[in-house]
Amino acid sequence: MTPGTGGIRRARPASRRRLAQASSILHREFYGRPTLMVARDLMGARLVRISNGRRLAGLITETEAYIGENDLGCHATAGRTKRTEVMYGPPGHAYVYFTYGNHWMLNVVTEREDFPAAVLIRAIQPVDGVLIIARRRNHRDTHGPGKLTQALGITSLENGVDLTNSKSNLWIEFGWRVADSAVTRGPRVGLNTVPEPWKSKPWRFLIEGWSLETAD
DNA sequence: AGCACGATTAACT
DNA sequence: GTTAATCGTGCTC
């Protein structure tokens, strides 16, 4: 902006520090635990995305656990491939994959290195940048794994990024503590051709009162 | 090199 | 309730 033009002053980009409440970013130790525990504890956590210098965030309201090569619903049942490689890496990284020819899915890698497991983030409730999110979603909701990635602008570019610091423009912070009485469990969604017992494992978690339109 | 399918969504009837 | 959209991945040939 040249002086004296009387133009509109563009807001100074917010500092990284302001965008990230640094102390509240979930550490690698949070992710390096049993996957079901991580999936449960992500209820109410804040998923944060920096997009064009703007902070977008939503409270996580629904997750699913995918645990190891023996879990026939988990991509890692195919073994260590180019696609599943991230799941074999250290916890706290993003595993992003594409499905149905249209949609990106965001997972967080859990457990110890070399044990392939992850938690699929299935729904968020927007809390920061809600106008931007609403516009990206054409004013439709963000309850659905493909919907929230669209809302936050998450694609294969985010596959493998470290979620435990603010450098990647994608991370998760402590959010609301959700009581056990408010957490519902059920079978995972969309595993139509997956055999039992994996198909019916109650490894889906959701906050009661949210995402109910997709509850079983 | 070709093929079947999918951790889904939106727009239909 | 039904279905098209749309393409990366892993498997088969």
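The sequence lines fix the lettering, A, B, ..., with proteins before strands; numbering per chain opens at 1.
Side-chain atoms of W171(A) and E173(A) form a donor-acceptor pair, as typed in the model, at a separation below 3.5 Å. A donor atom on one side chain and an acceptor atom on the other are found under 3.5 Å apart for Y95(A) and H75(A).
Listed by chain and residue number, T84(A) satisfy the side chain to side chain donor-acceptor pair (under 3.5 Å) test with T81(A) (two or more places apart in sequence, or in another chain). Evaluation of the salt bridge (charged side-chain N to carboxylate O under 4.0 Å, His left out) rule for E158(A) yields R49(A) as partners, not counting sequence neighbours. Scanning for side chain to side chain donor-acceptor pair (under 3.5 Å) contacts around R83(A) gives an empty result, with sequence neighbours left out. By the side chain to side chain donor-acceptor pair (under 3.5 Å) test, D114(A) is found to be paired with R80(A), residues two or more places apart in sequence or in another chain being considered. In this structure, the salt bridge (charged side-chain N to carboxylate O under 4.0 Å, His left out) partners of R40(A), at least two apart in sequence or on a different chain, are D180(A).
In this structure a side-chain-to-backbone donor-acceptor pair under 3.5 Å is missing from E85(A) to G89(A). Distance alone, capped at 3.5 Å, places no donor-acceptor pair between the S200(A) side chain and the P197(A) backbone. Although no hydrogens or angles enter the test, the distance criterion places no donor-acceptor pair under 3.5 Å between the side chain of R137(A) and the main chain of A151(A). A donor-acceptor pair under 3.5 Å is absent between the side-chain atoms of N70(A) and the main chain of G68(A), judged by distance alone.
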Original post:
Passes side-chain hydrogen bond (donor to acceptor under 3.5 Å, both in side chains), Q150(A) versus H103(A)? Steps please.
Top reply: CA-CA 8 Å; Q150(A) 187 205 10; H103(A) 308 290; over 6 Å; no
**OP:** Run the numbers on D162(A) and R28(A) for salt bridge (Lys or Arg N to Asp or Glu O under 4.0 Å), then give the verdict.
**Re:** CA-CA 9 Å; D162(A) 191 348; R28(A) 203 167 313 286; 2.8 Å; yes
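Salt bridge status for R204(A) with E62(A): present, with a side-chain N to carboxylate O gap under 4.0 Å.
Of the residues in residues 64-74 of chain A, those lying under 4.0 Å from DNA chain B by heavy-atom distance are Y66(A), G73(A). Contacts between residues 107-119 of chain A and DNA chain B, defined by a heavy-atom separation below 4.0 Å, involve N107(A), listed by number.
Annotation: of the two residues near DNA chain B, Q150(A) and L191(A), the 5′-most nearest-nucleotide partner is L191(A).
Taking atom CD of E62(A) as the reference point, atom P of dA7(B) lies 15 Å away to the nearest angstrom. With rounding to whole Å, E85(A) atom CD is found 17 Å from dG8(C) atom C1'. We find that CE of M87(A) is positioned 12 Å from P of dT9(C), with the value rounded to whole Å. Between the CG atom of L148(A) and the C1' atom of dA10(B) there is a distance of 16 Å, rounded to whole Å.
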Using the 3.5 Å cut-off, write out each protein N or O paired with an N or O of nucleotides 10-13 of chain C and the distance between them.
from, atom 1, to, atom 2, distance (Å)
dG10(C), OP1, T81(A), OG1, 2.3

Under 3.5 Å between N/O atoms: give me all the protein pairs with nucleotides 11-13 of chain B, atom names plus distance.
none

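Of all nucleotides listed (dA10(B), dA7(B), dT9(B)), dA10(B) comes nearest to the side chain of R137(A).
In this structure, L59(A) shares a hydrophobic cluster with V127(A), W176(A), the cluster being traced through Ile, Leu, Val, Met, Phe, Trp and Tyr side chains under 4.5 angstrom apart.
Counting heavy atoms from C-beta on, the side chains of M37(A) and T110(A) never come closer than 4.5 Å. Side-chain contact between L191(A) and Y66(A) is present, with heavy atoms from C-beta onward closer than 4.5 Å.
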**OP:** Toss me the dot-bracket line for DNA chain C: Watson-Crick and G-U wobble, both under 3.5 Å, 5' to 3', using | for pairs to another strand and [ ] for crossers.
**Re:** |||||.||||||.
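Within the nucleic acid shown, S156(A) has no heavy atom closer than 4.0 Å to any nucleic acid atom.
Counted within 6.0 Å of CZ on R54(A), heavy atoms from surrounding residues, nucleotides or ligands total 12 or fewer; the atom is thus considered open.
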Subject >> Summary of protein contacts for nucleotides 1-6 of chain C, nucleotide by nucleotide, where a base hit scores B, a sugar-phosphate-only hit scores S (4.0 Å, heavy atoms) >> reply: ----BB
